[in-house]
Amino acid sequence: MVDFTKIALSSSYNTDKIVFTASGTVSIASLPDEYNSFGTIIKRLTIAHGQTRPLFIDFRFSLDGGTTWKTGGSGEYAIGYSTSTNLNILYFGSTGTFTYEVFGSWIDGYDGTNPYVEPVQTDAKTYFDSRLRYRKVIGHGHFISSGSTPTSISHTQGTPVPYSVYFTSRPNEVWQEHSGGVKNKWLFDFSMVECFSYSTASNVVVETSVSTDVWYKVYGNG
Amino acid sequence: MAKIRIEDTIMSSAFPGFGFSSILSGTLVVSGTVPNGNRTYDYDFTVPNNVFVIAYYTNNDTSSFSKGRYRVGNMPNAAIDGVGNNTFIYGTQTGTNYRVEVEIDNFSGGPLTVPTQNLLLEVYLFQPPF
């Protein structure tokens, strides 16, 4: 068994590739409105990511100019999703300022096209540093969930593992996980799909409310 | 630099990866009664300034590991059961403090007894490429 905590980088395992980053501060009131299924205003920040297909989105946000940060997703007051051209951050609130740092990483095997991609390395920044431990992808893929029974993705790590799961909640949109049934504030209508996942010592288990596309990456511990 | 087929590369200096400077762990104990409404529990980590924190959580009931939600004892899967009982885990970073906060929402109409659980917390500290 590989001890991933002792390996900074390994040519045996893929690393994630971050192909887009952005940061900034916007007035929340200036963002366009959407209304969730409860009639509550949700604000949407849209940022063009420069690719031709969706990315996995990760971000953190601050409502006080960068003093206090939260990582976006799930139960937080902000969640992200990607279309083929944009990263979108939804915020549950309507006033103040929204400071964000967002990045998009490549989804291997998203559509089988494996296109050429413009490097984001444009200066002398150090993008790999052997003093850091890089997240190693030990499995990735796509499946169509059943919507009635959980899907198990097996792994051999022997302990719960870090992982990422993204899914199609609305057509042509790749979302961070969200769920919660009638209390889920990210449902704009009840045709939207919900997704919940967890890892055990031998599997990553994914449940969705109805059948939909799911993409995942499973990482080695450490 | 020429364009690259990302899916043909293991790693590439043309694209940043997720490099963690440190991984911290701790245990958050959840127990007692949740009144009709909600109750929160929290655990504090000390972290460097201006790192991006990716957090994972496991509980001792299921040995599961998840990013933003966990199951409370024998409660049904609140995620998609439509009942509306929710469990959330929030992470908030203020300077060098990173607080993990568990919120249990109880819409059952009466007090909800939560079996004592030790949530194992792992936070991965990441310096974003900005």
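In the text below, chain A, chain B and the rest are named by the order of the sequence lines, each starting its count at 1. Because the structure is predicted, anything quoted here is derived from the model rather than measured.
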query = Taking every heavy-atom pair that is under 4.5 Å apart, which of B:Ala14, B:Gly95, B:Ser21, B:Ser22 has the most such pairs with chain A?
reply =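 With the most close heavy-atom pairs to chain A, the winner is B:Ala14.
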request  = Against chain A, label B:Ser12 side chain, backbone, both or neither, depending on which of its atoms sit under 4.5 Å from a heavy atom there.
outcome  =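 The backbone, not the side chain.
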B:Asn97 versus chain A, the contacting section by heavy-atom distance below 4.5 Å =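 For B:Asn97, neither part sits under 4.5 Å from chain A.
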Just so I know, are the side chains of [X] and [Y] near enough to count as touching, which here means a heavy-atom distance under 4.5 Å?
{"X": "A:Asn14", "Y": "B:Met11", "result": "no"}
{"X": "A:Thr68", "Y": "B:Gln93", "result": "no"}
{"X": "B:Ile54", "Y": "A:Arg135", "result": "yes"}
{"X": "A:Thr15", "Y": "B:Ile10", "result": "no"}
{"X": "B:Phe18", "Y": "A:Ile18", "result": "yes"}

key: Leading residue by heavy atom contact count with chain B [cutoff under 4.5 Å; candidates A:Asp64, A:Leu9, A:Val137]   =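 Ranked by heavy-atom pairs under 4.5 Å with chain B, first place is A:Leu9.
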request  = Sort out for me which of A:Thr5, A:Thr67, A:Asn203 touches chain B most, counting heavy-atom pairs under 4.5 Å.
outcome  =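 Looking at each of A:Thr5, A:Thr67, A:Asn203 in turn, A:Thr67 comes out on top.
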ask   = Checking heavy atoms, do the side chain of A:Asp108, its backbone, both or neither come under 4.5 Å from chain B?
value = both
ask   = Of the backbone (N, CA, C, O) and the side chain (C-beta and beyond), which part of A:Ser202 lies under 4.5 Å from a heavy atom of chain B, both, or neither?
value =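 The answer is neither part of A:Ser202.
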request  = Using a strict cut-off of less than 4.0 Å between a Lys/Arg side-chain nitrogen and an Asp/Glu carboxylate oxygen, indicate whether B:Arg5 and A:Glu118 qualify as a salt bridge.
outcome  = no
Exercise: identify the closest heavy-atom pair between B:Ile6 and A:Asn114 =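 Smallest interatomic distance, heavy atoms only, reads N-OD1, 4.2 Å.
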remark   = On a heavy-atom basis, the closest approach of A:Lys17 and B:Thr9 is NZ-O, 2.7 Å
remark   = dist A:Trp69:CH2 -> B:Asn50:CG (nearest 0.5 Å) comes out at 7.5 Å
inquiry  = Quick check: A:Tyr219 with B:Tyr124 (ring centres under 6.0 Å apart)?
reply    =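 Centroid distance B:Tyr124-A:Tyr219: not below 6.0 Å, so no.
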ask   = Are the aromatic rings of B:Phe126 and A:Tyr134 close, with centres under 6.0 Å apart?
value =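 Ring centroids of B:Phe126 and A:Tyr134 are no less than 6.0 Å from each other.
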inquiry  = Set out, in order, the CA-CA distance, both residues' side-chain angles and the distance that settles ring-ring contact (aromatic ring centres under 6.0 Å, His included) for A:Phe20 and B:Phe15, then state yes or no.
reply    = CA-CA 9 Å; A:Phe20 177 79; B:Phe15 305 102; over 10 Å; no
request  = Establish, yes or no, whether the cationic atom of A:Arg133 lies under 6.0 Å from the six-membered ring centre of B:Phe20 and within 45° of the ring axis.
outcome  = no
ask   = For the ring pair (Phe, Tyr, Trp, His ring centres under 6.0 Å) test, which of A:Phe103, A:Tyr100, A:Phe61 pairs with B:Phe52?
value =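 Testing B:Phe52 for a ring pair (Phe, Tyr, Trp, His ring centres under 6.0 Å) against A:Phe103, A:Tyr100, A:Phe61 leaves exactly one candidate, A:Phe103.
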ask   = If you draw a 6.0 Å radius around CZ in A:Phe190, do more than 12 non-hydrogen atoms from other residues or ligands fall strictly inside?
value = yes
